[in-house]
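Report on the structure given below.
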2 protein chains.
Amino acid sequence: MSNIPGYTHGTSSVPRSPVSLTDFEQMKASVLFGEEDVKYLRMSHDIVKGRVEAILDVWYGFVGSQPHLLASFSGKTDGKPLGDYLGLVRRRFGQWILDTSRAQYDQAWLDYQHEIGLRHHRAKKNKTDGAPSTDLVPFRDLFALIFPVTFTLRPFLAEQGHSAEDVEKMSAAWLKSCLLQVTLWAHPYVKDGDF
Amino acid sequence: MSNIPGYTHGTSSVPRSPVSLTDFEQMKASVLFGEEDVKYLRMSHDIVKGRVEAILDVWYGFVGSQPHLLASFSGKTDGKPLGDYLGLVRRRFGQWILDTSRAQYDQAWLDYQHEIGLRHHRAKKNKTDGAPSTDLVPFRDLFALIFPVTFTLRPFLAEQGHSAEDVEKMSAAWLKSCLLQVTLWAHPYVKDGDF
Ligand code: HEM
Ligand code: HEM
């Protein structure tokens, strides 16, 4: 379907998520995620779909400015940033903006969240792009990045003249979605039986 | 110093955190936490210190309304909510509101964050209060709860007539602090070498 290298959402190469849709329903309740959030994510979709590259410029700028973050996109031995790797991941990151805001959080989506987790973890980092980079995105930064990602998204959500209330609700829906997604991604990092 | 049962912040019974203050500085950079956030947390301190019980009523009401959350405060065998356990943890939770807003994030505080993590994890859950409850607070809900906690705090931050900008910044500082703290708490859940 897609011609983004390594973007395998909805294909048979993605393993089944260890988290069931029933578990996920409970997780949504814990974060107060409901139908209203789906509605506001889809409202944001119409805004972000034309601004993907500009949003990525901001996010990549942030990661690039922090050596301890850039390390995950750098050569394992020489520590130099890997332009090809950064570029290939960037295309999938752009697709992620669209998928998050489309909010079609079904079984295929759940499965792909687990795949994204594996790709951050030593289980599968670098494999998709054959990148000679570090073995692991450290757990310690995974959830921290939710703040800069959602905070810097806000001005984009506001730039088409939506009411302050709509912007606030789109932003909250993004925050909840990120908390849910990064929790799903953390599964490979968590000890057996503790998730 | 304190007469809250089981609140051992700053005492020799708290083990050293496996996360160093240097690591923590990098984590702060990842979440964009800086001196301004310390300032706004302390501004919130003057507000929340007189409202601890009212805030706890809201948070406990939320946990009490969700069976899968209340389970962590219930009997391991009969599944009935444990009033004593809920009450004892509540006092330490109240102190946590004060400590978070005091924002004295030094070595003693870092060590106590690890202790709080152990107390959610099977390593040490129930031990402090001798509670006959479930073995583990599941990882899947830890970060999710950050949303309801910070979202329901907001009206309290606004009730003393601070400007919209001050309320916004206090709220953002709380969100960042919670992302940092829950990440520290997750350490016992994460596989060796993956943190
Ligand atoms: C809010 C937190 C984060 C979000 C939303 C996010 C998002 C993403 C997305 C969408 C992808 C592409 C997934 C795919 O292959 O389809 C990705 C990959 C990647 N991310 Fe993250 N990420 C987060 C945290 C981090 C952090 C803290 C780092 C550390 C610098 C990081 C480093 C990477 C790397 C190195 C890859 C490529 C993994 C591979 O080899 O396939 N991410 N991320
Ligand atoms: C934002 C997320 C959370 C925050 C801020 C938070 C805060 C706290 C605090 C401050 C304490 C007392 C620590 C002490 O002993 O000094 C505590 C203990 C506890 N929390 Fe959480 N918590 C969070 C997530 C959760 C979740 C999702 C559950 C599941 C229902 C949970 C269940 C418990 C339990 C059972 C204890 C008592 C642990 C023991 O036996 O000592 N917490 N929490």
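For the numbers below, each heavy atom of this structure counts, side chains included, while hydrogens, waters and symmetry mates do not. Nothing here was measured: the structure is a model prediction, and the numbers come from that model. A note on names: the letters A, B, ... follow the listed sequences, proteins ahead of strands, and every chain is numbered from 1.
- Within 6.0 Å of the CG atom in A/D84, the count of heavy atoms belonging to other residues, nucleotides or ligands does not exceed 12.
- Contact of the B/L145 side chain with the A/V31 side chain is not registered, since no non-hydrogen atoms from C-beta on lie closer than 4.5 Å.
- Taking hydrophobic clusters as Ile, Leu, Val, Met, Phe, Trp and Tyr residues chained together by side-chain heavy-atom distances below 4.5 Å, A/L88 does not share a cluster with A/Y85.
- Without hydrogens or angle criteria, B/K191 side chain to A/D192 main chain gives no donor-acceptor distance under 3.5 Å.
- Linking Ile, Leu, Val, Met, Phe, Trp and Tyr residues whenever their side-chain heavy atoms come within less than 4.5 Å leaves A/L118 and A/V89 in two separate clusters.
- How far CD of A/Q26 is from CG of B/L69: 8.0 Å, rounded to the nearest 0.5 Å.
- Neither the backbone nor the side chain of A/P67 comes within contact range of chain B; no heavy atom of the residue lies under 4.5 Å from a heavy atom of that chain.
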As a quick check of understanding, evaluate side-chain contact (heavy atoms from CB on, under 4.5 Å) for A/D194 and B/H121, giving each step before the final call.
CA-CA 8 Å; A/D194 286 356; B/H121 188 253; 2.6 Å; yes
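- Here the straight-line distance linking atom CZ of B/F195 with atom OH of A/Y189 works out to 11.5 Å at 0.5 Å rounding.
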Could you walk me through whether B/L175 and A/I146 pass side-chain contact (heavy atoms from CB on, under 4.5 Å), step by step?
CA-CA 10 Å; B/L175 173 57; A/I146 293 175; over 6 Å; no
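- With chain B as partner, the option from A/H68, A/K176, A/H187, A/R122 having the largest number of non-hydrogen pairs under 4.5 angstrom is A/H68.
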Let's go through A/S30 and B/R140 carefully: what are the C-alpha distance in whole Å and the side-chain angles of both, what is the deciding distance for side-chain contact (heavy atoms from CB on, under 4.5 Å) to 0.1 Å, and is it a yes or a no?
CA-CA 9 Å; A/S30 299; B/R140 69 183 70 180; over 6 Å; no
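- Counting only heavy atoms from C-beta outward, the side chains of B/L179 and A/L179 approach each other to under 4.5 Å.
- Neither the backbone nor the side chain of B/D135 comes within less than 4.5 Å of any heavy atom in chain A.
- For B/F62, the part lying near chain A is the side chain, with the backbone staying farther off; criterion is any non-hydrogen pair under 4.5 Å.
- A/L180 does not touch chain B: none of its heavy atoms, backbone or side chain, sits under 4.5 Å away.
- For A/Q66, the part lying near chain B is the side chain, with the backbone staying farther off; criterion is any non-hydrogen pair under 4.5 Å.
- The nearest pair of heavy atoms linking B/L32 to A/P148 is CD1-CB, 3.8 Å.
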Would you check, one step at a time, whether the test side-chain contact (heavy atoms from CB on, under 4.5 Å) holds for A/F139 with B/T183?
CA-CA 8 Å; A/F139 175 87; B/T183 297; 4.1 Å; yes
